[in-house]
Amino acid sequence: MRRLAAMLLLMLACTMLSAVTYPYDKSVGLVGEGSDVVRDALSRPFSLEWVETYVDEAYRKDFSALHSSLLSQLLPLDDFILSREVDGRIMARERMDGRVYTIFLSQEGLIMALQI
């Protein structure tokens, strides 16, 4: 009888621990701090200085050609959430319009690609 009671208490404790939930957003997945680089980049207006500061040097020319006109209209974001970094990828969702950004980071932690 004592064993049964102990097993039930153990199962109850395990169930309670597994019920701990982490912040989750249906668009970006597990919510996290992202990275300082991404958080800072999304909070600043787009400019040549922005590219030199936040984009990996090997990708700057192509990144600018692809994204300059759009990012100059969209940045800075005022209210957004970031996902946790997973395999060099961080997702961000702007709360006002729901637009989702996927930011791909280089080994150095700088932006190398972006998908909106």
Side-chain angles (χ1 to χ4, degrees):
M1 187 69 155
R2 285 184 177 168
R3 265 189 203 179
L4 180 60
M7 292 258 311
L8 288 174
L9 285 174
L10 183 61
M11 288 174 57
L12 179 62
C14 288
T15 302
M16 290 176 69
L17 287 176
S18 68
V20 174
T21 58
Y22 295 98
Y24 184 85
D25 179 84
K26 66 180 180 175
S27 299
V28 301
L30 286 176
V31 176
E33 293 298 312
S35 79
D36 293 337
V37 168
V38 171
R39 191 178 324 93
D40 197 40
L42 295 177
S43 300
R44 309 257 184 225
F46 185 79
S47 65
L48 178 58
E49 181 184 348
W50 187 98
V51 174
E52 292 172 349
T53 303
Y54 301 114
V55 179
D56 189 293
E57 186 174 3
Y59 301 94
R60 286 180 187 161
K61 183 178 178 183
D62 292 335
F63 186 93
S64 293
L66 288 170
H67 301 297
S68 289
S69 60
L70 184 59
L71 288 179
S72 63
Q73 295 172 16
L74 297 175
L75 294 180
L77 302 182
D78 293 323
D79 187 19
F80 60 93
I81 59 170
L82 295 174
S83 71
R84 295 181 181 184
E85 184 177 340
V86 177
D87 298 327
R89 184 192 74 207
I90 295 175
M91 298 189 64
R93 179 176 62 84
E94 188 173 16
R95 292 181 196 228
M96 291 296 287
D97 66 8
R99 186 175 286 123
V100 176
Y101 301 77
T102 304
I103 301 105
F104 299 92
L105 303 176
S106 66
Q107 294 284 344
E108 293 77 26
L110 294 172
I111 298 170
M112 62 181 198
L114 173 72
Q115 180 181 351
I116 301 174

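By convention here, the first residue in the shown sequence is residue 1. Any value given below was found using the heavy atoms of this structure, including those in side chains, with hydrogens, waters and symmetry copies removed.
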Which heavy atom of Ser35 sits nearest to which heavy atom of Ile90, and what is that distance?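 Result for this residue pair: N-CD1, 3.6 Å.
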Looking at residues at least two apart in the chain, or sitting in another chain, which of them share a side-chain hydrogen bond (donor to acceptor under 3.5 Å, both in side chains) with [X]?
X	answer
Ser68	none
Asp87	none
Asp40	Arg44, Tyr54

Side-chain donor-acceptor pairs of residues 103-116 under 3.5 Å, sequence neighbours excluded:
| from | atom 1 | to | atom 2 | distance (Å) |
| --- | --- | --- | --- | --- |
| Ser106 | OG | Asp56 | OD2 | 2.9 |
| Ser106 | OG | Glu108 | N | 3.4 |
| Ser106 | OG | Glu108 | OE1 | 3.2 |
| Ser106 | OG | Leu110 | N | 3.4 |
| Ser106 | OG | Leu110 | O | 3.3 |

Quick one: do Leu66 and Val51 end up in the same hydrophobic cluster if we chain Ile, Leu, Val, Met, Phe, Trp and Tyr together by side-chain heavy atoms under 4.5 Å apart?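 No; Val51 is not reachable from Leu66 via cluster members.
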Tell me whether Val38 shares a hydrophobic cluster with Leu70, the cluster being built from Ile, Leu, Val, Met, Phe, Trp, Tyr side chains joined at under 4.5 Å. yes
Under 3.5 Å, side-chain donor or acceptor atoms of residues 74-83 against the rest of the protein: list the pairs with distances, not counting sequence neighbours.
| from | atom 1 | to | atom 2 | distance (Å) |
| --- | --- | --- | --- | --- |
| Asp79 | OD1 | Arg95 | NE | 3.4 |
| Ser83 | OG | Met91 | N | 2.8 |
| Ser83 | OG | Met91 | O | 3.4 |

Check salt bridge (Lys or Arg N to Asp or Glu O under 4.0 Å) between Asp97 and all other residues, then give those that pass, not counting sequence neighbours.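 Here the qualifying residues are Arg99.
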Under the 3.5 angstrom rule, does the side chain of Arg60 hit a backbone N or O of Glu52 as a donor-acceptor pair?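 The answer is yes, because a donor-acceptor pair under 3.5 Å joins these two groups.
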Side-chain contact test, heavy atoms from C-beta onward, threshold under 4.5 Å: evaluate it for Trp50 versus Val55 and give yes or no. yes
Is there side-chain contact between Glu94 and Tyr101, with at least one heavy-atom pair below 4.5 Å? yes
